[in-house]
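Heads up, the thing below is written out as structure tokens.
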Amino acid sequence: MEKYDPQTIEAKWQQVWADESSFHVPNPSPEEIAEHRERTYVVEMLPYPSGELHMGHTLNYTIGDVITHVRRRKGMQVLRPMGYDAFGLPAENAAIKEGGNPRTVIERNIASIREQMHRMGWAFDWSRELSTHEPEYYRWTQWLFLRFFERGLAYRKEAPVKWCPNDQTVLANEQVIDGRCERCGAEVEAKNLTQWFFRITDYADELLDEMDLLEQWPERVLTMQRNWIGRSQGARVVFRVEGSGDELPVFTTRPDTLFGATFFVLAPEHPLVAALVAGFEHETAVLDYVRRTAARSEVEREEKEKDGVFTGRYAVNPVNDEAIPIWVADYVLMGYGTGAIMAVPAHDERDHAFAERYGIEIRQVVAGPGRDVAEAGAFVSHTADEVLVNSGQFSDLSSPDGKVAITASLVEQGLGEETIAYRLRDWLLSRQRYWGCPIPIIHCETCGEVPVPDEQLPVVLPEIDDYVPKGRSPLAAAEDWVATTCPKCGGPARRETDTMDTFVDSSWYFIRYTDPHDDRLPFSRELADYWLPVNQYIGGIEHAVLHLLYARFFTKVMNELGLVGFREPFARLFNQGMITASGAKMSKSKGNVVDPLVFVERYGADTVRLYTLSMGPADEDMDWHDTGLEGPWRFLNRLWRIAHEQSVKPVSADPGDGALARRTHRTIAKVTDDIERRFFFHTPIAAVMELVNEIQREPDDPAARFATETAVSLIQPYAPHIAEELWGVLSAGEARLWETAWPEADPALLVVANVEVVLQVNGKLRDRLQVAAGTGEDELLAAALASERVQAHLEGREIRKTIVVPDRLVNIVV
RNA sequence: GCCGAAGUGGCGGAACUGGUAGACGCGCCGGACUCAAAAUCCGGUUCCCCUCGGGGAGUGUGGGUUCGAUUCCCACCUUCGGCACCA
């Protein structure tokens, strides 16, 4: 027997898989599409090719590998591709630093990460490999953008946007975390800029409601998306400016508190502010305040005490015609609702703080037991016994009834309506950076925004020398490229110089995999509908409100465009946990990054794969310990030795129905069920380890060889190289385990022959009993009563009750 | 504040439908082999008490349901994650 040498055997099998394209899955013929063969589509979130495979990839792709191997061996046709999310800042920044070209950087990185993926032994269909930066791919990203544009779902407008001063580009709302840039952590600034948006807000309701179509998504992701969309039911109420009659609509979720509105607030950015104060005595003070606000960062604006300034003007409350003072204050945000609010200091904490500071009346309009504003401060009504007070004809109504009645009365007068507000903003997709997909639009003085005709796609990203961001797109400097002719009128025109957010690229790649070389369309609908929705999507939680929301939006639009027949891209989603080092997130700045390849060199890919999945439930965070690899390493060595020992026994020996044979069948059942139904990847490893420990204890058991073969077979999805090698050893050279049917448990052998029954007195364990499985209740009880240890605890006390659970326990209550 | 998830040995974790708490692994302790070490193998490893038979406690805390609760119910504490001047 040779020593277990992972480096040699792993290289050997990887070569076979590459030479034979072992994991290639051809697309179905039209007849096969009609046949509805059992097929499944497993996709892991595609990596950003930084050049180095990290722990997140190792875990993500090993989970996918296990699922893929098991399903494949169960006879399913499994599509399982891989690609690269190649556009984006890191490559561009690296190119700026090293003086190279982002394309060179990224293609070098892709070559390197591809190599590392092969080294891990992952079973991808490499014939479908794609990268989002290739013109063959982004041609179709542009094509899709144009379909969105034609439908009015991609549009350009001037709007207040978030600007990252470090990366010198605008960001989508989803890319701003706590007022900081998701990428670099710099505090974002507010700017008014003309930018491209996708009208994702049109799909807010569908994004919420169609969560019902999803088979299995983690609850936390759905919650995060719901929070992000932030749907709230309320009313639009129209106030009028006293004197001018200008309408100032507000959004409120609490129309029942309208009688408590004692002032009115406009956001400093509200378009009517300037006109409202023009020529009035407060004009200078108000404009000063607006200017000061503009200079404040978002974070600053939120952390300071609430302040504001009176405009000198009044708004008329539609329910009682009362004129209330209009203030401008920056705690009201232009980006939500209408940028104006009715302030009800008795029932809103923010309004309360503001009213106290400026001595504005606080008028309680909801009352209930123990609910007094003068004593308790502002409160929000929430129980049915709280009723409206000081509310004219609506007084004494319950709060919910008051909501309905007041809204109805406003609707009647044409001064309000039921409405819904969303927190979700349109997706800002343009970026002022070089390394991205060009937006296929031409600006013409006479024709305006003109789409590049389909037959001229792709608009190829030009080669330029200077990528350094200067606050406008570097593409603007490529004068030869920018200057073009208008496709409509033929006159001189200029190309759009912004590029797309990389999340656009990744919003449809999972469909391109089904038809990766199509040069007529982004993909064929037949193939898309055959493979999708994705049966199992696997990736990190960090994309909960980014990629996962965008891809859902894209799918809905593609569905309405008739490009696909489904509404949701991913039927099932699994979020793997994060692998930490000493409890902390791995990061270059902390210097605690663990490189999986270092351990692949030391122990081999099989040990690293096994350890990665044995650390704990795959959807929870796991802490990496170098010494932990010793467990799987010893296990594989033991398996290696045992397999060689068992290989000398005759292949056809009958395993019989003894304890080891039964245990083997139970292990098959547990491993299969854990992986398929429970999505547990760590417990199957423990189960196979137990089986191997058992073989080691009873190497001469008639079932030992069968048990060994089964252990090798069951561990194959985790440790495919050694399993393949040992399969060859055990079956004298016939090494095709990856094509061998997944073992099936014999139901007749799933039950154990003998069981240990626990004997309890008053619920406390007193003795154990070995009996044949299925022993009757009476017999069990008699045996229990005969036990000396049980009798010692009965001691002549009266037996009040006996509980007998066959094959489990007997409990005697005294 | 709102929403979500989770609290089990020295550590990671297991116990899926209420039925032997601590599987499996790491680490540690002891032993075998060895001149020695590594590797490997065997045994031990929740805590407390005890005469080596055993007894008691124990799954964040306090209650409850039950013959029986890590599992179900109520209240609370802690940790992690998301959202948040969102009207």
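In the text below, chain A, chain B and the rest are named by the order of the sequence lines, each starting its count at 1.
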Distance between [atom1] atoms of [N] and [M] (Å, rounded):
N: B:rU8; M: B:rC2; atom1: P; result: 26 Å
N: B:rG9; M: B:rC48; atom1: C1'; result: 14 Å
N: B:rA69; M: B:rG18; atom1: C1'; result: 6 Å
N: B:rC3; M: B:rA84; atom1: P; result: 16 Å
N: B:rA36; M: B:rU45; atom1: P; result: 28 Å
N: B:rC50; M: B:rG60; atom1: P; result: 28 Å
N: B:rC73; M: B:rG7; atom1: P; result: 15 Å
N: B:rC72; M: B:rC16; atom1: C1'; result: 15 Å

Please classify the nucleic acid contact of [X] as base, sugar-phosphate, or nothing, using heavy-atom distances under 4.0 Å.
X: A:S614; value: nothing
X: A:N693; value: sugar-phosphate
X: A:H793; value: sugar-phosphate
X: A:R236; value: nothing
X: A:V545; value: nothing
X: A:I341; value: base
X: A:E690; value: sugar-phosphate
X: A:R766; value: sugar-phosphate

Taking 4.0 angstrom as the limit, do [X] and [Y] come out as a salt bridge?
X: A:D205; Y: A:R231; answer: yes
X: A:R296; Y: A:D307; answer: yes
X: A:K304; Y: A:D330; answer: yes
X: A:R180; Y: A:D178; answer: no

Original post:
5'-most contact on RNA chain B: A:D178 or A:T253, nearest heavy atom basis?
Top reply: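 In this pair, the answer is A:D178.
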Original post:
Starting at the 5' end of RNA chain B, which residue's closest nucleotide do you reach first, A:M689 or A:L809?
Top reply: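 Residue closer to the 5' terminus by nearest nucleotide: A:L809.
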Original post:
Does any donor atom in the side chain of A:Y550 or A:E174 lie under 3.5 Å from an acceptor atom in the other side chain?
Top reply: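 Result is yes, a qualifying pair exists.
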**OP:** Classify the side-chain pair A:S232/A:Y336 by whether it contains a donor and acceptor separated by less than 3.5 Å.
**Re:** yes
Phosphate-side-chain proximity, [X] and [N], N/O vs OP1/OP2 below 4.0 Å:
X: A:T802; N: B:rC67; answer: no
X: A:Q696; N: B:rC42; answer: yes
X: A:R220; N: B:rC80; answer: no
X: A:R350; N: B:rC86; answer: yes

Original post:
Would B:rG56 be called syn or anti, given that syn covers angles within 90° of 0?
Top reply: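 Here the answer is anti: the torsion falls beyond 90° from 0.
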Subject >> For B:rG53, glycosidic torsion class - syn if within 90° of 0, otherwise anti >> reply: syn
Do [X] and [Y] have ring centres separated by under 6.0 Å?
X: A:Y289; Y: A:W327; answer: no
X: A:F354; Y: A:H352; answer: no
X: A:W624; Y: A:F599; answer: yes

For atom [atom1] of [X] and atom [atom2] of [N], their distance in whole Å:
X: A:L765; N: B:rG54; atom1: CG; atom2: P; value: 12 Å
X: A:R697; N: B:rG43; atom1: CZ; atom2: C1'; value: 12 Å
X: A:M622; N: B:rG13; atom1: CE; atom2: P; value: 9 Å
X: A:R301; N: B:rA84; atom1: CZ; atom2: C1'; value: 15 Å
X: A:R800; N: B:rU66; atom1: CZ; atom2: P; value: 12 Å
X: A:Y603; N: B:rG25; atom1: OH; atom2: C1'; value: 14 Å

**OP:** Establish, yes or no, whether the cationic atom of A:R572 lies under 6.0 Å from the six-membered ring centre of A:W217 and within 45° of the ring axis.
**Re:**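 Judged by the rule, A:R572 and A:W217 form no cation-pi pair.
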Subject >> Validation row: A:R552, A:Q225 side chains within 4.5 angstrom (heavy atoms) >> reply: yes
Original post:
Does the B:rC83 base have a donor-acceptor partner in the side chain of A:N227 within less than 3.5 Å?
Top reply: no
Original post:
Can you find a donor-acceptor pair, distance only, under 3.5 Å between A:E756 side chain and B:rU20 base?
Top reply: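 Counting by modelled atom types and ignoring angles, a donor-acceptor contact under 3.5 Å is found here.
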Which one, [options], comes nearest to the side chain of [X]?
X: A:R423; options: B:rG4, B:rA84, B:rC67; value: B:rA84
X: A:K801; options: B:rU20, B:rC67, B:rC85; value: B:rC67
X: A:V805; options: B:rG4, B:rG54, B:rG19; value: B:rG19
X: A:R641; options: B:rG19, B:rC41, B:rC86; value: B:rC41

Subject >> Polar side-chain atom of A:R236 near backbone of A:G416 as donor-acceptor pair, under 3.5 Å >> reply: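 Judged by distance alone, no pair lies under 3.5 Å.
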Original post:
With a cut-off of 6.0 Å (strictly less than), are more than 12 heavy atoms of other residues, nucleotides or ligands near CD of A:Q233?
Top reply: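 Yes, enclosed.
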Pairs under 3.5 angstrom, nitrogen or oxygen only, protein versus nucleotides 26-28 of chain B, please.
unit_1	atom_1	unit_2	atom_2	d
B:rC26	OP1	A:R634	NH1	2.5
B:rC26	O2'	A:T627	OG1	3.3
B:rG27	OP2	A:R634	NH1	3.3

Subject >> Dot-bracket line, read 5' to 3' along RNA chain B, where crossing pairs take [ ] and | marks a partner on another strand, Watson-Crick or G-U under 3.5 Å >> reply: (((((((..(((......[....)))((((((.......))))))((((....))))..(((((..]....))))))))))))....
**OP:** Supply the atom-to-atom distance A:M578 CE to A:M586 CE, rounded to the nearest 0.5 angstrom.
**Re:** 9.0 Å
Extract from the structure each pairing of a protein N or O with an N or O of nucleotides 14-17 of chain B at less than 3.5 Å, listing the distance.
unit_1	atom_1	unit_2	atom_2	d
B:rA14	OP1	A:H682	NE2	2.6
B:rA15	OP1	A:R678	NH1	3.1
B:rA15	OP1	A:R678	NH2	2.8
B:rC16	O2	A:R677	NH2	2.4
B:rC16	N3	A:R678	NH1	3.3
B:rC16	N4	A:K670	NZ	2.9

Original post:
Could you walk me through whether A:D351 and A:Y331 pass the side-chain hydrogen bond (donor to acceptor under 3.5 Å, both in side chains) check?
Top reply: CA-CA 9 Å; A:D351 297 346; A:Y331 77 93; 2.8 Å; yes
